[in-house]
Amino acid sequence: MTRPGICGKIGEMTDWKEGMPPVVRFAPSPTGYLHVGGARTALFNFLFARHHHGRFILRIEDTDQKRYQPQALEEIFASLKWLGLDWDEGPEAGGDHGPYFQSQRTELYRRHADELLAAGRAYRCFCSEERLMRLRQEQEKAKMVRGSGYDRHCRGLDEAEVGRRLAAGAPHVVRLKVPDDRAVIFHDRIRGDIATDSAQLDDLVLLKSDGFPTYHLANVVDDHWMEVTHVLRGDEWIASTPKHILIYEALGWAPPVFAHMPVILAADGGKLSKRRGAASVLDYQRAGFLPEALRNFLALLGWAPGDDCELMNLEELIAAFTLERVQAKAAVFDQAKLEWMNGVYLQGHSVESLLAEVRLLWEGMDLPAGALADEEHLKKVIAMFKERSKRISEIAGNSLYFFRDPLEYEPQAARKYFKGEALPLFDDLLDRLAGVEPFSREALEGLYRGLAEERGIAAGKLIHPTRLAVSGVGFGPGLFEMLEALGRETVLRRLQRAREHVAGRG
RNA sequence: GGCCCGUUCGUCUAUCGGUUAGGACAUAAGAUUUUCAAUCUUAUAAGAGGGGUUCGACUCCCCUACGGGCUACCA
């Protein structure tokens with residue numbers, strides 16, 4: 001049996017070459033559940049910080065008032081905690097760089113926007129949404145090659161005019177003055193140098209008309225004041241990074257190190273979504289996955305330790321993780337491999353450690369009163385199902401016949417084992433099972449083997465119909481330990497009922 | 001459309017110019033078994049295409065194709 005945590009990487013930790021401990025952040029937007037792609041980004045940030053003895057900050061980017069969903073916050077926190085990704089600074093944890101909600105830092109953004117305005121690096125724009133929309137349509141129609149995007153209409157407004165509109169309370173945004181035709185270059189730790197012509201960038205909005213900053217301004221300002229040294233984020237941000245570089249320049253700040261993580265795709269190559277396999281971290285929890293399995297699996301999406309090691313616990317992941325080994329290529333989420341890995345981790349769990357969670361699932365399954373009263377019995381059942389399960393939910397879902405009589409018989413198995421020839425065998429079994437002492441797996445096996453020999457048939461002829469009769473299905477734990485755990489009374493009752501069922505069908 | 005990023009078995013990946021291109025999941029076959037699962041054996045399976053550079057390219061460069069991202073007062 002391959003056990004998790006066999007790689008022995010502990011002790012190989014190295015300090016970050018540049019000396020100073022790094023500071024990273026995970027900055028989700030509370031617009032919905034935390035999906036596995038976000039979780040993977042959080043995980044990489046966490047691993048990087050721990051590996052280099054740095055700090056991991058959680059920051060909430062709630063600057064979009066329209067898309068804000070209050071319950072999303074709880075989901076994000078719960079998801080991160082479930083995966084074991086504790087943050088050193090942020091909501092609940094506190095820290096010296098708070099507040100950690102961008103909605104509570106609007107003064108700071110406004111101050112820097114004013115600073116840029118005063119320095120002539122930014123300007124107020126009074127264009128209406130209608131005008132912007134019309135502009136976009138016209139550009140589309142004209143198929144403009146260059147200069148698409150905002151046309152800098154308000155960039156040349158004179159001070160008097162601006163003052164007049166301001167006094168009139170006209171709604172406006174603040175835009176950055178993007179320099180003409182200049183190369184904007186940044187180094188991506190995963191992809192190397194990426195250069196963009198500033199002519200490709202339009203005068204982006206820094207401050208929205210509702211007073212909130214855009215992501216671009218807020219993330220630059222926060223990363224600066226929170227002393228973030230490494231920005232590890234999804235690669236959908238690559239195209240925006242030149243804008244961020246320009247903002248750093250305008251503010252006179254040194255940009256952090258950038259490293260863009262590859263995306264995670266669904267099996268069909270498309271984007272991961274609720275419909276294409278689960279996407280929410282908490283959905284995986286609900287589906288019976290173990291956090292350490294999902295974490296291990298996610299770590300291997302876009303990253304590999306370099307040797308053939310795959311099963312790694314948290315300490316080993318931390319010890320082995322480096323940015324150099326993060327891949328640039330998008331990775332497909334392979335549910336089958338996750339299932340396998342989860343099964344491996346599940347086998348590593350003791351019955352005791354599984355008890356509480358499985359019991360919770362059973363409790364939600366509408367079982368007869370008192371069915372779950374005997375803890376020793378529950379443990380026995382878990383032990384029988386654990387080894388043949390890949391998820392916790394399978395243990396609970398496949399073992400219901402230990403708490404109530406089967407409601408029906410699996411049709412395919414019934415066709416095979418509930419034939420007329422089974423009737424005399426049932427009679428023999430009913431007769432002998434009533435008297436066997438003790439009702440133990442050893443004695444039961446002796447009974448079955450003996451009877452098979454007497455009748456000159458294979459033991460399977462007795463075993464299979466019995467299994468179906470007592471469990472309703474054609475698969476499960478070894479029959480004799482199953483019968484022992486079920487107890488004589490239950491076994492006889494179910495066999496009797498199965499006999500009637502077979503007889504009734506002629 | 002423009003700009004940017006990417007391309008090794010079906011999937012996740014190893015390879016940092018010279019390998020019989022390795023491992024894992026999945027798949028198939030066999031062993032084992034009272035079923036299922038597990039376990040053990042074995043097998044199938046890859047450098048998108050085309051040009052360069054080089055004594056030698058999966059590895060470096062260019063082109064094409066394909067996939068993805070961005071092109072919002074969303075993040």
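Chain letters run A, B, ... following the sequence lines, proteins first and then strands; every chain starts at 1.
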Of the options A:His216, A:His260, A:His224, which is the one that meets A:His244 in a ring-ring contact (aromatic ring centres under 6.0 Å, His included)?
A:His216

Which nucleotide, B:rC36, B:rA26, B:rA75, lies nearest any side-chain atom of A:Glu61?
B:rA75

Side chain of A:His464 only, please: which of B:rU11, B:rC25, B:rU35 is the nearest?
B:rU35

From C-beta outward on A:Tyr215, which listed nucleotide comes closest to its side chain: B:rG23, B:rC12, B:rA75?
B:rA75

With the side chain defined as heavy atoms from C-beta on, A:Lys208 is closest, among B:rA75, B:rA26, B:rU71, to B:rA75

With P as the reference atom in both, quote the distance from B:rG2 to B:rU54 in angstrom, rounded to an integer.
34 Å

Would you indicate what A:Val332 reaches in the nucleic acid, counting non-hydrogen atoms under 4.0 angstrom: base, sugar-phosphate, or nothing?
sugar-phosphate

Criterion side-chain hydrogen bond (donor to acceptor under 3.5 Å, both in side chains) against A:Tyr109, the qualifying member of A:Thr63, A:Asp114, A:Thr214, A:Asp222
A:Asp222

note: A:Arg467, atom CZ; B:rU33, atom P; distance rounded to Å ~ 16 Å

As a test of reading the structure: which of B:rA24, B:rC73, B:rC12 is closest to the side chain of A:Leu300, going by heavy atoms?
B:rC12

Ignoring the backbone of A:Lys271, work out which of B:rU34, B:rC73, B:rG69 is nearest its side chain.
B:rG69

Looking for any heavy atom pair under 4.0 Å, which part of the strands does A:Arg325 touch: base, sugar-phosphate only, or nothing?
sugar-phosphate

Students often get this wrong, so: under 4.0 angstrom with heavy atoms, is A:Tyr448 touching a base, only sugar-phosphate, or nothing?
nothing

Classify the side chain of A:Lys337 and the base of B:rA24 as holding, or not holding, a donor-acceptor pair under 3.5 Å.
yes

Please list each protein N or O that sits under 3.5 Å from an N or O in nucleotides 3-10 of chain B, with the distance.
{"residue": "B:rC5", "atom": "O2'", "partner": "A:Arg191", "partner atom": "NH1", "Å": "2.6"}
{"residue": "B:rU8", "atom": "OP2", "partner": "A:Lys329", "partner atom": "NZ", "Å": "2.8"}

